[in-house]
Each structure stands twice: as structure tokens, then as C-alpha cells.
Protein chains: 2
Amino acid sequence: MKIATYNVNGINGRLPVLLRWLEEAQPDIVCLQELKAPQERFPITAINQAGYQAIWKGQKSWNGVAILAKDREIIEVQRSLPGDDDDVQSRYIEAIIDQIVICCFYVPNGNPYPGEKFDYKLAWIKRLQKRSQQFIDMELPAILIGDFNIIPNAEDVYKPERWENDALYRKEVRKAYRELIRKGWIDSIRNLFPEEKIYTFWDYLYKAYERNAGIRLDHILLSPLLKSRLKSGGVDKYVRGWEKSSDHAPVWIELNKK
Amino acid sequence: MKIATYNVNGINGRLPVLLRWLEEAQPDIVCLQELKAPQERFPITAINQAGYQAIWKGQKSWNGVAILAKDREIIEVQRSLPGDDDDVQSRYIEAIIDQIVICCFYVPNGNPYPGEKFDYKLAWIKRLQKRSQQFIDMELPAILIGDFNIIPNAEDVYKPERWENDALYRKEVRKAYRELIRKGWIDSIRNLFPEEKIYTFWDYLYKAYERNAGIRLDHILLSPLLKSRLKSGGVDKYVRGWEKSSDHAPVWIELNKK
DNA sequence: GTGACTTAGG
DNA sequence: CCTAAGTCAC
């Protein structure tokens, strides 16, 4: 089973690119972030025609997340991240597919640091830690997947010294990521490729992709129960080179059958 | 010699369509309106690559006119319509090509009627009448060509009764058009096709093109000296059906050699 | 640099 | 409906 995450940066403007990638990559489960579309403007017809069921949580202009699945039932569990009823941003959706809990999310960017937005990011991650710990405690097969807006380590950014005070790399958020790992979550891509330079995002500005000035932001974390099923994975970097591409590339793993 | 007019409704957004049409239609002289680009953003490189020389008068956001010519010298004569030095709108450009005076323009829309904008339109047309009369008086071969924003007659609109109080069809502007004809200008398309229903514009709204709910706004008027050289003409209506087309279609004539 | 939104003009 | 342009967020 192939499971992927892709920050599309606008589901409607990105539709041709998304459909082309779905056709070529044939993922079974896809988590999307940054739909940038209100609930009623999600292109469900085109997604269905491509062979996928979907659940999604839209929002006008910003954020928005979705889970797509091919030939599989999607059981929606949550449409927001528990822990703050006043949070109106559409950044989290959770479902059970094939008996695995899929937590698809888009962590707040958090810039500028310091400031309110950074505080919101830290608070959001705390809620995510809390929610995710429940799956660990219950010993459920679960996946944390999406745009974490966290660069986990120095080897995940082309020029770490430039990023010290960026909310994507601040020590507080790296610490939160390490905390997840300490609790048992497995960074699947880093597990498969312990030494390689792997990026998932290249800024639109300054020819970042051509210079490979990238960062690793999009992650797929497996709960301990799933570790033994991890078969392969990768970043579809070439998609970032397509016309009218997102600034992120799709990231995917394959799990062996239970 | 093939001479055409095309209101492109945004030269940069329309560039692929324009280049495709130039390639297919192979006009010798092309008058463009509604460039909607400042002087420095006219895509002269692409136009040159397509084989055309050009002169143009740009304006930020609105209006803007250009004259293109293939393998012919363009002698620029005017960059604005004489008669009002305070008029800052880029609606008129005049050149001599192959010993013919080419007056390329974009008459003000004039809506809503009544109002200041309608008054500006009438005043603008008066200046055009004055300028054009000079060519008649001097017995020069000349062409008035562009988007007149005038529906000359009831047969030039799909539903005339709906348009009585629209600035494109108000009796004042139709009278001004008749006045040009009375002075000797020849409506080349109507001369070639006295009885046919011919439109050059279909609104983007309400599926106007699919319903053929069109109007005739773009005209090519010949000074008396050129009447005998009129060989053929037409509206490239199919261009309006292309993806990302303008709301106008190109209009063209062919002149016999002198 | 890019997307979504808003506004103005048609 | 469609364009250009200005705004905001990333």
C-alpha cells in the first residue's frame, strides 16, 4: 500500500498537476495540504473521476486539508485537532483507512519568530503531541502525515546557519519533533535513507529548485506498530520541476501487507 | 494585402491565442486594441519572433493600441487623437504603411448612459470625425480600423430592443457612424456582405457565444480612394471559440494591389 | 514567485 | 465571465 503526502498550494490551480501525478504515481492514500479553497470549491468531481474517494476540510484563501483513497473506505474520525475549540483554521483531518489511523495535517508556519504566530505554532504542536500520544498509548497503527513546517535537523536544510531564527527551524520546534521520535514515532523517509540529502520544499523565489536550495518539511511518521511494515519510500522531486508546480514535492512510502 | 483588427482584451494574457491566430491567418497589417499593458510590458520580442514589426501606445490596466506589420515599414504619424491635449487615455495610434494611412483606435465604451463617460465618448468620436475628415479632404488612401464600440444598425445586434439605452447602440453614436459613412467612408464588411448577420463581439457572460448573442463593434472603414481595391473580408469567428479567447473576434479585409 | 482574494472596468 | 493590478500570506 502506497501512502503519500502533497502540499498542493491551491487545489484548484494545481488540479492538472495533481491529476497527472496521481495517474503516474498511483498512490492508494493521499494526504493533501494547503487546499486554499472553501469547502464547496473542492474539486470532488475531478478527484472522483481520477478514481479516488475523498474527505476534506476547506477554508477560504488559506489552509485546508484532504484525505484521498483509491478503492478503500474512508472513515472520518476528526475534522479538527482536539484541544482548542476556538481554533478556526482548517489544518487537521483524521480518518481510519484499512485499519490504520491517518492523521493528515498542515502545521502552522509560525513566522515571524518571535511573535503570536510562533506561539500559535508551538501550542498547535502541543495539541498534536497530545493527540498522537493517544495512539501510542492505545498501541494503534497510526500515521502522522503532512506538512509539519518543521525542518528536523541540520541535514534537512541546504544552509542551516541561515535558518536559526526561522520558525521552521527554531530549536523549540526541532525539540518538539525529537520529542515525537522519542515517544516512538518513526520518521520513515529518514529511516529508509539515514545519510541522504532529502528535501521536500523549494521556494519559488531565487531559483531555489534549480540551485537545490531546499528544505525537508513534509514527513510521514509511523507509530511503532507499523515500523516493521515499512517497505520503501521517496520524494517525487521531479514533480517540483513541472510547469505550474507547487513549491512542495510529493512524499510517499509503501507499507507491506499486514 | 490582408489588414486586420483584433481587440485582444489583454495582450499578455492573450499572447498564445494571438500568436496562433497570426500564424494561421497571416495578416500583413494588424491593429490591436485593449492591450491593458503599460508601454514597457508590450511583448515586442514575441511579436518580432512571429515576424512582425510593431508600434504601440500602452497604458497601465486599460486601453492601449498597437499596429503590427509584416515585412513593411511602419511610419508612425500620431500617438494620440488630436483635439484634446488633456486626454490621457491610450486609444489612438496612426501610421502610414504601404502609402496608406492606418488609424487604429479603441473608442470609449461610454456606459453608463447617460453620464460623463457617455459624454466623453461623444466628444472622442467628434475628434475622430474631425481627424478622419482631413483624409477625405486631402483625398488620401486611409483606413479607420479598430473597436468603434458602436453597433451601427439593428441588424448588427442579436436583440436590438434590449440595447436602446446602451452606449454602444444609443442613437447619438449610431448617428455619428452614419455621418462617417455619409462623408464617404466605406464599411467594408457590410459592403461585402450587405445582408448577413455578422458579429464581432460576444460577451463572456451568459454563454453569449454559444447562443450567438453577439454584436458588431469592430469595423474597417475605407476612404473613397480605396473602395475599388476591396477584394474580400470576414470575421474569424472561430477564434472566439478557442480556449482563453478574447471576447472579440478578429476582423479582416484583403485589398488588391494598387 | 505564486495563489487566492478584492476591486474596477467591460 | 474575464482581465489587470494590488493586497496578503508564505
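Proteins get letters first, then strands, A, B, ... in listed order; numbering begins at 1 in each.
The aromatic rings of F201(A) and H248(A) lie perpendicular to each other, with more than 60° between the two planes, well past the 30° mark. Below 30°, between 30° and 60°, or above 60°: for Y158(B) and W163(B) the angle between ring planes is above 60°, a perpendicular geometry. Ring-plane geometry between Y92(B) and F105(B) is classed as parallel, the angle between the planes falling under 30 degrees on a 0 to 90 degree scale with a further cut at 60.
Atom CG of N149(B) is separated from atom P of dG9(C) by 15 Å (rounded to the nearest Å). If you measure from atom OH of Y120(A) to atom P of dC10(D), you get 10 Å, rounded to the nearest angstrom. Distance OH (Y204(B)) to C1' (dG9(C)): 13 Å, rounded to an integer number of Å. Rounded to whole Å, the distance from NE2 on H248(B) to P on dT3(D) is 13 Å. F201(B) places its CZ atom 10 Å from the C1' atom of dC1(D), with the value rounded to the nearest Å. For the pair E34(B) CD and dT3(D) P, the interatomic distance rounds to 12 Å; values are reported in whole Å. Between D203(B) atom CG and dG9(C) atom P the separation is 17 Å, expressed in whole Å. Computed from coordinates, the L32(B) CG to dT3(D) C1' distance equals 16 Å when rounded to whole Å.
Interatomic distance, S90(B) OG to L81(B) CG, rounded to the nearest 0.5 Å: 12.0 Å. To the nearest 0.5 Å, atom CG of residue L144(B) and atom CG of residue L221(B) are 5.5 Å apart.
OP1 or OP2 of dG1(C) has not a single side-chain nitrogen or oxygen of K207(A) nearer than 4.0 Å.
In this structure, a donor-acceptor pair under 3.5 Å is absent between the side chains of K121(A) and N149(A). Between the side chains of D203(A) and Y209(A), no donor N or O sits under 3.5 Å from an acceptor N or O.
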Quick one: which protein N/O atoms are closer than 3.5 Å to N/O atoms of nucleotides 4-7 of chain D? Pair and distance per line, please.
from: dA4(D); atom 1: OP1; to: G13(B); atom 2: N; distance (Å): 3.2
from: dA5(D); atom 1: OP2; to: R41(B); atom 2: NH2; distance (Å): 3.0
from: dG6(D); atom 1: OP1; to: K60(B); atom 2: NZ; distance (Å): 3.0

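If you check every strand for non-hydrogen atoms under 4.0 Å, K117(A) touches sugar and phosphate atoms only.
Checking Y206(A) against N111(B), the closest nucleotide of DNA chain C that is more toward the 5' end is the one next to Y206(A).
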